[in-house]
Amino acid sequence: MTKKIGIVGAGAIGGFFGAKLVAAGYEVFVLARGKNLEVLTTDGLSVHSDTGDVTVKFAGVSDKAEALGQMDAVIFTVKGQDTAKAAEDMWPMIGPQTEIISFQNGLSGVELLVELFGEHRVSAGITYIPAVIDAPGQLRHTGKVTRSVFGPYTPRDMALHHELAAALQAAGLELKALDEPLPAVWEKFVVLAPFHIIGCLTRMSLGQWIVNPEMQDLFLRAMLEVCAVGMRKGVAISGDIAQKQVEFCQTHADPGTRASMLEDLERGKPLEIDSTMGWLCTEGKRLDVPTPIHDMCYALLTPYRDGKPAG
């Protein structure tokens, strides 16, 4: 029997995974709203990529979770600030054996899912897939990277994880199922939070600011703050990851890379600051780990939390 996979958060990443799951032979059901709901229902999702363009139709699209029914797994890719509402809305999709797989930025979202649904039903994941929504139903994969990892929040049987990984690998994704995903999630978060705040506050792409020694030092010190919080929480984080990331950004990263939060800032969209740097600042205070760079940057970006300030 074909497994039913739900997508909650049918933006760029959710849509990309949904299209690949359809290609892998799964029945995919999408919880959507607004114009996205209308277009996905009538026309499906068109994915434009250097690896080829494709249009897929989903087995079901609705703004009501009860109309979609219970799933074998749910791919959860909403923005951090939308986690609580989306999680509440998707309850009818969650059965006793449903696996909820989060591919969100940071740790805030997956921790909330664990609190709501139990650690035995939640998996943590990260993705490096570069994708954007150009218009409702129109998704553009902006590079060739398809790397993602995921795994159970706490140890348990991974038959479904391995099945999904194998199927999506066959469909063209570089996807790995890990017994212990949290170190990999933290490894990305070490870079993500500092990269986003520097991008937003400089309004620059990576190549424009990484050449400056003062910015290199700021980037390093901000990453070390994240490392300190993660290590205080008991996560195994490599001691030299921050320095290696500075060197990687100087020598190998695409200099044109821009923080996705900067894209949202310039478009006047709400910013995912509470679930990333805000969460880090809160955890730092709770654990008595200083995070002065993130504290300051969070305060400076707070007026833009809900989009462009009025006036």
Side-chain angles (χ1 to χ4, degrees), residues 1-30 40 44-60 71-78 93 97-105 109-110 113 121-133 139-189 191-192 248 252-254 260:
M1 181 178 176
T2 302
K3 286 186 171 61
K4 297 174 62 176
I5 310 295
I7 302 293
V8 176
I13 300 302
F16 191 83
F17 273 112
K20 290 296 183 180
L21 285 162
V22 170
Y26 290 97
E27 288 186 303
V28 179
F29 298 80
V30 180
L40 292 181
L45 175 68
S46 294
V47 180
H48 307 282
S49 172
D50 290 344
T51 60
D53 296 347
V54 64
T55 297
V56 300
K57 296 295 289 284
F58 298 112
M71 302 290 147
D72 293 290
V74 168
I75 308 297
F76 193 83
T77 56
V78 303
M93 300 169 69
Q97 304 300 319
T98 304
E99 188 74 30
I100 304 167
I101 305 171
S102 170
F103 283 101
Q104 297 176 280
N105 286 328
V110 73
L113 292 174
R121 287 196 289 195
V122 175
S123 285
I126 55 169
T127 182
Y128 294 89
I129 296 170
V132 295
I133 294 292
L139 187 158
R140 179 163 46 91
H141 182 207
T142 58
K144 295 182 179 180
V145 175
T146 62
R147 183 161 68 95
S148 305
V149 302
F150 74 112
Y153 189 82
T154 53
R156 58 180 177 275
D157 179 79
M158 291 181 60
L160 178 60
H161 299 80
H162 290 305
E163 176 194 323
L164 289 172
L168 288 171
Q169 286 166 13
L173 290 189
E174 183 187 345
L175 179 66
K176 292 183 179 180
L178 303 178
D179 294 340
E180 298 182 7
L182 289 182
V185 174
W186 270 93
E187 183 176 317
K188 180 180 179 181
F189 189 53
V191 182
L192 180 137
F248 176 82
H252 290 86
D254 181 351
S260 59

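With sequence neighbours excluded, the residues forming a ring-ring contact (aromatic ring centres under 6.0 Å, His included) with F189 are W186, W279, listed by chain and number. When the side chain to side chain contact (heavy atoms under 4.5 Å, CB included) test is applied to K57, no partner is found at least two apart in sequence or on another chain. R121 meets the side chain to side chain donor-acceptor pair (under 3.5 Å) test with no other residue; sequence neighbours excluded. Applying the ring-ring contact (aromatic ring centres under 6.0 Å, His included) rule to F29 yields no partners; only residues at least two apart in sequence or on another chain are considered.
Between the side chains of Q104 and T77, no donor-acceptor pair of N or O atoms lies under 3.5 Å.
Between atom CD1 of residue I13 and atom CD1 of residue I7 there is a gap of 11.0 Å, rounded to the nearest 0.5 Å. Distance check: I5 CD1 to L164 CG gives 5.0 Å after rounding to the nearest 0.5 Å. Atoms NZ and CG, from K20 and L173 in turn, are 5.5 Å apart once rounded to the nearest 0.5 Å. Remark: E99 CD to L160 CG distance equals 6.0 Å, nearest 0.5 Å. Between H161 atom NE2 and I101 atom CD1 the span is 5.5 Å, to the nearest 0.5 Å.
Sorted by first and then second residue, the salt bridge (charged side-chain N to carboxylate O under 4.0 Å, His left out) pairs involving residues 159-188 (not counting sequence neighbours) are K3-E163.
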May I have the step-by-step check of side chain to side chain contact (heavy atoms under 4.5 Å, CB included) for I129 and S148, ending in yes or no?
CA-CA 7 Å; I129 296 170; S148 305; 3.7 Å; yes
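Taking the six-membered ring where the residue is Trp, F103 and F17 present parallel rings, their angle staying beneath 30° rather than reaching 60°.
The only member of V149, T146, V145 that meets side chain to side chain contact (heavy atoms under 4.5 Å, CB included) when paired with Y128 is V145.
When all heavy atoms of G6 and M93 are compared, the closest pair comes out as CA-CE, 3.9 Å.
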What pairs of donor and acceptor atoms, side-chain ones from residues 44-52 against any protein atom, are under 3.5 angstrom apart with sequence neighbours left out?
from	atom 1	to	atom 2	distance (Å)
S46	OG	T55	OG1	2.8
H48	NE2	Q138	OE1	2.7
S49	OG	T51	N	3.1
S49	OG	T51	OG1	2.9
S49	OG	H141	ND1	3.1

